[in-house]
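First up is the structure itself, then whatever we jot down about it.
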Amino acid sequence: MRILVTGAAGFIGSTLCDRLVNEGHKVAGADCFLPGYPAAVKKNNICELVNKKNFELIEINLLKTDLRRLLSGKEIVFHLAAQAGVRSSWGKEFKLYTENNVLATQKLLEAAKGSQSLRKFVFASSSSVYGDQLIMPIKENAMPIPMSPYGVTKLAAERLCGLYWKNYGVPSVSLRFFSVYGPRQRPDMAFNIFIRKMLKNETLPVFSGGRQTRDFTYVEDIVSGAMLAAKKGKSGEVYNLGGGNRISLNKVINKLEIITGKKAKILTKEIAKGDVKHTWASIAKARKDLGYSPE
């Protein structure tokens with residue numbers, strides 16, 4: 001199939017592109033190498049991909065290009081391009097989030113109107129849209145109460161996907177990713193930070209005493225869920241993609257101590273603005289509709 005992946009050089013995007021290319025699809029990978037972390041890290045993610053005959057890297061900014069031309073002939077769009085990170089979304093940086101998470105999504109959806117080839121528009125959302133929920137595990141029909149500007153922009157983009165399906169028939173599906181981890185994880189994410197600091201015998205910054213829990217999801221499971229959504233997802237719907245269980249940060253650190261053979265040096269900090277206490281995905285809907293089964 002002819003597929004467009006935005007954010008193709010990122011953590012999840014590059015892993016998705018690997019899978020798609022290995023399955024024989026023709027993939028156009030768009031990325032503008034946003035300055036959230038070093039471009040060299042992202043380019044390393046795709047260093048093998050760029051030599052594959054069925055992969056094309058397109059270095060573009062979605063806000064400054066002819067998106068109808070980019071989408072021409074594409075059967076599937078995986079829209080993963082975004083300004084990521086909860087804690088950095090406050091203050092003057094918010095402009096980057098509104099431009100790259102909301103406006104870029106709207107422009108891509110606008111360009112998808114009337115496409116004769118497009119079968120599915122898969123949008124990468126986030127569990128950050130939920131905020132702090134009292135009922136666990138969290139179902140898709142829970143009232144979203146995002147606690148960070150990042151979560152607000154992801155929810156706004158979700159809503160746009162729903163509107164463009166309802167009003168213009170753009171076959172969009174939104175996927176709420178829960179705490180993705182694995183190879184190529186961004187340098188600002190917890191596992192990456194903790195492992196690097198433990199190996200160097202440096203102090204770990206741990207918020208809220210490490211009592212918060214997360215539903216961590218392995219990146220290959222996220223990729224599987226996204227591909228299933230492209231095949232079986234119901235247009236206009238939202239699906240949780242999680243690991244289906246949760247663990248406290250303290251227990252994660254204990255596991256990392258075993259893996260690294262290092263004792264963690266912990267510096268406890270107050271809860272960071274925008275962080276939630278607990279996440280835990282109900283994946284019943286994704287199991288039923290998509291056949292999603294995290295391994």
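Remark: side-chain polar atoms of Ser89 are paired, donor with acceptor, to backbone N or O of Val86 under 3.5 angstrom. Between the Asn240 side chain and the Ala281 main chain, no donor and acceptor come within less than 3.5 Å of each other. Not a single donor-acceptor pair under 3.5 Å links the side chain of Tyr130 to the backbone N or O of Met143. In this structure, the side chain of Gln133 does not engage the main chain of Gly131 through any donor-acceptor pair within 3.5 Å. Using modelled atom types, one side-chain atom of Thr217 and one backbone atom of Phe178 make a donor-acceptor pair closer than 3.5 Å. Panel note: side chain Ser208, backbone Gly210; no donor-acceptor pair is recorded below 3.5 Å. For the pair Asp132 (side chain) and Lys277 (backbone), a donor-acceptor distance under 3.5 Å is present. One N or O on the side chain of Thr6 and one on the backbone of Leu80 form a donor-acceptor pair closer than 3.5 Å. A donor-acceptor pair under 3.5 Å is absent between the side-chain atoms of Ser172 and the main chain of Phe121, judged by distance alone. Of the possible donor and acceptor atoms, none in the side chain of Ser115 sits under 3.5 Å from a partner among the backbone N and O of Ala112.
Judged by distance alone, the side chains of Ser224 and Arg19 do bring a donor and an acceptor atom under 3.5 Å apart. For the residue pair Gln83/Tyr150, the side-chain donor-acceptor check at 3.5 Å is not satisfied.
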CA sep, side-chain torsions, deciding dist, call: Val238, Leu175, side-chain contact (heavy atoms from CB on, under 4.5 Å)
CA-CA 6 Å; Val238 174; Leu175 305 177; over 6 Å; no

Start with the C-alpha gap between His278 and Arg246, add the side-chain angles, then the distance that decides, and say whether side-chain contact (heavy atoms from CB on, under 4.5 Å) holds.
CA-CA 8 Å; His278 306 289; Arg246 59 175 171 161; 3.8 Å; yes

Decide yes or no on side chain to side chain donor-acceptor pair (under 3.5 Å) for Glu158 and Ser125, but give the supporting numbers first.
CA-CA 7 Å; Glu158 271 190 26; Ser125 187; 2.6 Å; yes

CA sep, side-chain torsions, deciding dist, call: Lys95, Glu99, salt bridge (Lys or Arg N to Asp or Glu O under 4.0 Å)
CA-CA 6 Å; Lys95 184 173 184 287; Glu99 289 177 346; 2.5 Å; yes

Checking side chain to side chain donor-acceptor pair (under 3.5 Å) for the pair Tyr168/Glu110: CA distance, chi angles, key distance, verdict?
CA-CA 9 Å; Tyr168 296 105; Glu110 186 72 18; 5.7 Å; no

Run the side-chain contact (heavy atoms from CB on, under 4.5 Å) test on Leu34 and Cys32 for me, step by step, so that the C-alpha distance in whole Å, both residues' side-chain angles and the decisive distance to 0.1 Å come before the verdict.
CA-CA 6 Å; Leu34 287 172; Cys32 72; 3.7 Å; yes

Using the side chain to side chain donor-acceptor pair (under 3.5 Å) rule, take Arg176 and Ser128 through it: C-alpha gap first, then chi angles, then the decisive distance, then the call.
CA-CA 8 Å; Arg176 292 171 176 169; Ser128 295; over 6 Å; no

Stepwise side-chain contact (heavy atoms from CB on, under 4.5 Å) check, Asp221 with Leu241
CA-CA 8 Å; Asp221 288 326; Leu241 292 187; over 6 Å; no

One pair to check against side chain to side chain donor-acceptor pair (under 3.5 Å): Tyr218 and Glu295. What are the steps and the verdict?
CA-CA 8 Å; Tyr218 191 59; Glu295 297 178 3; over 6 Å; no

Decide salt bridge (Lys or Arg N to Asp or Glu O under 4.0 Å) for Arg87 and Asp275; before the verdict, give the C-alpha distance in whole Å, the side-chain angles of both, and the deciding distance to 0.1 Å.
CA-CA 8 Å; Arg87 293 169 193 160; Asp275 278 359; 2.6 Å; yes

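Grouping the Ile, Leu, Val, Met, Phe, Trp and Tyr side chains by contacts below 4.5 angstrom, directly or via other members, places Leu103 apart from Phe94. Using a 4.5 Å cut-off between side-chain heavy atoms of Ile, Leu, Val, Met, Phe, Trp and Tyr, with links allowed through other members, Ile76 and Phe177 fall into the same hydrophobic cluster. Residues Ile60 and Val50 are members of separate hydrophobic clusters, defined by side-chain heavy-atom contacts under 4.5 angstrom among Ile, Leu, Val, Met, Phe, Trp and Tyr. Hydrophobic clustering (side-chain heavy atoms under 4.5 Å, transitive across Ile, Leu, Val, Met, Phe, Trp, Tyr) keeps Ile258 apart from Leu256. When hydrophobic clusters are built by joining Ile, Leu, Val, Met, Phe, Trp and Tyr residues whose side-chain heavy atoms come closer than 4.5 Å, directly or via intermediates, Ile193 is grouped together with Ile247.
With Leu160 as reference, Leu109 is the one residue of Leu108, Val170, Leu109 to meet the side-chain contact (heavy atoms from CB on, under 4.5 Å) rule. Exactly one of Val27, Ile12, Val77 qualifies for a side-chain contact (heavy atoms from CB on, under 4.5 Å) with Val5. That residue is Val27.
Taking a 6.0 Å sphere around NZ of Lys166, one finds it holds 12 or fewer heavy atoms contributed by other residues, nucleotides or ligands. Annotation: Ile135, atom CD1; neighbour count of heavy atoms from other residues, nucleotides and ligands within 6.0 Å does not exceed 12.
Proximity of Phe78 to Leu4: side-chain heavy atoms (C-beta onward) are nowhere separated by under 4.5 Å. Lys234 has its side chain out of reach of Pro171: every pair of non-hydrogen atoms, C-beta onward, lies at least 4.5 Å apart. Side-chain atoms of Ile58 and Leu70, non-hydrogen and from C-beta on, do get closer than 4.5 Å to each other. With contacts defined as side-chain heavy-atom distances shorter than 4.5 Å, the pair Ile3/Lys26 does not qualify. Side-chain atoms of Leu20 and Val223, non-hydrogen and from C-beta on, never get closer than 4.5 Å to each other. Taking the side chain as every heavy atom from C-beta outward, Leu267 and Pro205 never approach each other to under 4.5 Å. The closest side-chain heavy-atom distance from Leu204 to Lys265 is not below 4.5 Å. Using a 4.5 Å cut-off on side-chain heavy atoms (C-beta onward), Tyr164 and Gln106 make contact.
For the atom pair OG1 of Thr65 and CG of Asn61, the computed distance is 8.5 Å after rounding to the nearest 0.5 Å. Between the OG atom in Ser179 and the CG atom in Asp215 there is a gap of 7.0 Å [rounded to 0.5 Å].
With sequence neighbours left out, Lys43 forms a salt bridge (Lys or Arg N to Asp or Glu O under 4.0 Å) with no residue at all. Here Ser14 pairs with Arg184 under the side chain to side chain donor-acceptor pair (under 3.5 Å) rule; sequence neighbours left out.
By the 30° and 60° cut-offs, the orientation of the rings of Tyr181 relative to Phe216 is perpendicular.
Annotation: cation-pi geometry satisfied between Lys285 and Tyr239 (NZ/CZ under 6.0 angstrom from ring centroid, within 45° of ring axis).
Summarising the geometry of Ile283 relative to Gly244, their closest heavy-atom pair is CD1-CA, 4.1 Å, with the distance given to 0.1 Å.
For the salt bridge (charged side-chain N to carboxylate O under 4.0 Å, His left out) condition, the pairs that include at least one residue of residues 248-261, sequence neighbours left out, are Glu257-Lys263.
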